[in-house]
Amino acid sequence: MTNFETVEVNTDLLIVGGGMSACGAAVEAAYWAKKHNLKVTLVDKAAVDRSGAVAMGLSAINQYVDLVSGKNTVKDYVDYVRNDLMGITREDLVANIARHVDSTVHLFEKWGLPIWKDEEGNYVHEGRWQLMINGESYKVVVAEAAKNALGMENIYERIFIVEPLMDGDVCSGALGFSVRENKFYVFKAKATLVALGGAVHVFKPRSSGEGLGRAWYPPWNSGSSAYLTLRAGAEMTCQEVRFIPVRFKDAYGPVGAWFLLFKSRATSSLGGEYMAERKDELENWLPYGKVKPIPANLRNWLGMMDVMDGKGPIYMRTEEAIQKIADEYKDDPKAYKKKMKHLEEEAWEDFLDMTISQALLWASTNVFPEQEASEIAAAEPYFIGSHSGASGAWVSGPKDLAPAEYFWGYPNMSTIKGMFCAGDASGASSHKFSSGSHAEGRIAAKGALEYIVKENPQLKYDNAAIDEMKARILKPLEIYEAHAKETSDPNINPNYIRPKMFMFRLQKIMDEYAGGVSSQFKTNKPLLEKGLQLLNFLKEDAEKLAAEDLHELMRCWENIHRMWQAEAHVRTILFREETRWPGYYYRADTPKIDNDKWLKFANIKWDPKTGEWSTFTKDIIHIF
Ligand code: SFD
Ligand code: AMP
């Protein structure tokens, strides 16, 4: 690719990604870098103002521990997360985020994010850990602070990061390309912080045809965190712990505000409340079936049982919930009218702040939430280390909290020297959400700078190897150019596959063999083994991906990234021979939870030298 200029950027800390954790990292890194005269560079595939999961905004901050008031302790939060994840969690990591997250939330407020307040000036809680916000501009506010801290001259937007750059076993930066101009980027760095978000569209989505692309988590989170860490040879954890959220059907509006703030019930079309009617089922998943709140996957599972019994659709009873709150004012017609109007506004604002498409769907289908219930459904699986999933890299804990087995020098460093992870990129520390991801970005950035200062890594770069990688990364453009004119329809060509078709094939494999929506989230060993075989054929065909332009080149690599996330997932659910998270996936051949054998982390690693995968367990060590 002679017409592609190679741009080299030399820096100390490279932050890849521009989302919540990357913005946290930027703010913290700028502070420590100044003290040590170090350079920090941030690279995002989009524009930081509106990139990542918070692009559309949010209506709540889901992690606020409120340590100052003394109502909650760090241990309370750790207990909550461990229970929600059916016992599988790194307590040191969760505690580290929990003890720092409040300060991040206070920074958000200082930077201008409107957090709801009551008459006494206290934050309005959605639930015990969640705060309500006017969050349409949440990401813009958080991005502004990151941009001010680093300076725009240190921020590269619209650069898609493809591969890690390695000096043997040590991470020495990352490679990428501009999605706007013919430029190939070589970022050389003493430490790299991976904050590239989670993975969406690995599984066939419920939305297809006209609605294709719509998902709960953003479609532009395409598995790049998992790919970068896997390709570096980093140990990964909880790759089996996909997240399936229950969402308002078809536009994926979140349910948290309805369940927690409005205290709504969910019922089947026959009127039964599955959370009450199916309570006995929880006995099969002890001890977690008995904890409060009931773990997210078990809540899903009870609803799914109704659907499997043919009792669908499942409804969020918005009309009932609104009416119940308003009824408290029914003796005063004026106050009642005012309250109803206020509740209607809150109902719409929840979606207008966070999932605008849900408000559009309500509007276009004449839904008045105060008058009628809305359908909810379990979404397709996502890979996300920051919500109620747990997939991500296995990272070092903090020195003062982590047991020796979980500590190797610097907080949030992966098992690869010089490669740090935060947000969706780091595993087994769920329920960090937007605020905890930002806090974890700060923790990881501080750790990375400590690593740079203490170790001052001297890295070697092999220019010939970089040129080879450049050719490989740009190859889809060449393939298209060479063959596109050979057929009358450029979509149909025996010499290549376009990224969209490739993605459809990946999604079909995952949907049918790895327990997607159309398989009712169920799978078993033979299905998984067949899925792996088909993934291998897909991997062979990845060499034939073709790109018409830079945008499609990004699509090619996004799908390769997704494919690697898919393989790590299939291999890990195959390894964990039990059903621990019914409601996320159900292994029909090993249908029960098996605490004796499997109260463990299932970890996985790909060896860059041999190309072999290995799966193994790591102990769960309690610190609380
Ligand atoms: O209601 C590359 N989230 C919620 N968090 C909350 O605190 N409250 C809520 O209300 C939340 N809900 C919610 C949430 C998300 C979404 C989409 C909806 C509703 C509709 C979760 C948080 O948003 C989430 O936990 C954090 O944002 C995670 O942070 P992080 O940093 O891990 O991921 P990111 O913000 O998506 O950023 C990823 C960045 O990487 C870039 N990127 N850049 C270069 N090269 C590549 N190859 C790249 N691949 C990705 C992206 O552009 C982005 O900058 S509710 O449902 O619970
Ligand atoms: P969601 O909108 O589903 O992403 O949820 C937002 C927040 O509310 C997360 O912290 C969830 O764990 C929590 N949440 C949602 N639904 C429930 C529920 N029924 N019970 C307890 N917590 C919930």
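Both ligands and their constituent atoms are indexed starting at 1 by order of listing. In this chain, numbering begins with 1 at the start of the sequence shown. The shown structure was predicted, so the numbers you read here are calculated from the model rather than taken from an experiment.
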Part of Arg247 within contact of ligand 1 (heavy atoms, under 4.0 Å): side chain
Closest protein heavy atom (residue, atom, distance) for atom 9 (C) of ligand 1: Asn62 ND2, 3.3 Å
Ligand 1 contact on Ser224 by region, counting heavy-atom pairs under 4.0 Å: side chain
Selection from Ile15, Ile159, Val54 by shortest heavy-atom distance to atom 23 (O) of ligand 1: Val54
Positive for side-chain hydrogen bond (donor to acceptor under 3.5 Å, both in side chains) with Thr104, one of Glu28, Gln63, Arg442: Arg442
Distance from atom 35 (O) of ligand 1 to nearest protein heavy atom, with residue and atom: Met20 N, 3.1 Å
Closest protein heavy atom (residue, atom, distance) for atom 15 (C) of ligand 2: Arg299 NH2, 3.7 Å
Closest protein heavy atom (residue, atom, distance) for atom 18 (C) of ligand 1: Trp216 NE1, 3.3 Å
Where ligand 1 meets Pro218 - atom numbers and elements under 4.0 angstrom, heavy-atom basis: 17 (C)
Ligand 2 N/O within reach of Gly256 N/O, cut-off under 3.5 Å: yes
Under-4.0 Å salt bridge between Glu273 and Arg317: no
Per-atom contacts of ligand 2 with Phe259, taking only distances under 4.0 Å to non-hydrogen atoms: 16 (N), 19 (N)
Contact atoms of ligand 2, heavy-atom distance to Gln130 under 4.0 Å: 7 (C), 8 (O), 9 (C), 10 (O), 13 (C)
Region of Leu260 engaging ligand 2 - heavy atom pairs below 4.0 Å: side chain
Protein contact of atom 6 (C) of ligand 2 - nearest heavy atom, named by residue and atom, plus distance: Asn62 ND2, 3.4 Å
Atom 44 (C) of ligand 1: the protein heavy-atom neighbour that sits closest, reported with distance to 0.1 Å: Lys45 N, 3.2 Å
Residues Glu136 and Arg50 bridged, charged N to O under 4.0 Å: yes
Side-chain donor-acceptor pair present, Asn154, Thr41, cut-off under 3.5 Å: no
Glu380 side chain vs Arg206 backbone, donor-acceptor pair below 3.5 Å: yes
Atom 8 (N) of ligand 1: the protein heavy-atom neighbour that sits closest, reported with distance to 0.1 Å: Ala60 O, 2.7 Å
Proximity flag Ala195 to ligand 1, non-hydrogen atoms under 4.0 Å: yes
Polar contact flag for Arg247 and ligand 2 (N/O pairs, less than 3.5 Å): yes
Pair Lys432 + Glu440: basic N to acidic O under 4.0 Å: yes
Nitrogen or oxygen atoms of Trp216 and ligand 2 under 3.5 Å apart: no
N/O separation below 3.5 Å, His387 to ligand 2: yes
Top protein contact for atom 31 (O) of ligand 1, by heavy-atom distance: Ser21 OG, 2.6 Å
Subset of ligand 2 atoms that lie under 4.0 Å from at least one heavy atom of Val255: 2 (O), 3 (O)
Identity of the nearest option to atom 26 (C) of ligand 1, non-hydrogen atoms only, from Tyr252, Tyr382, Tyr227, Tyr217: Tyr217
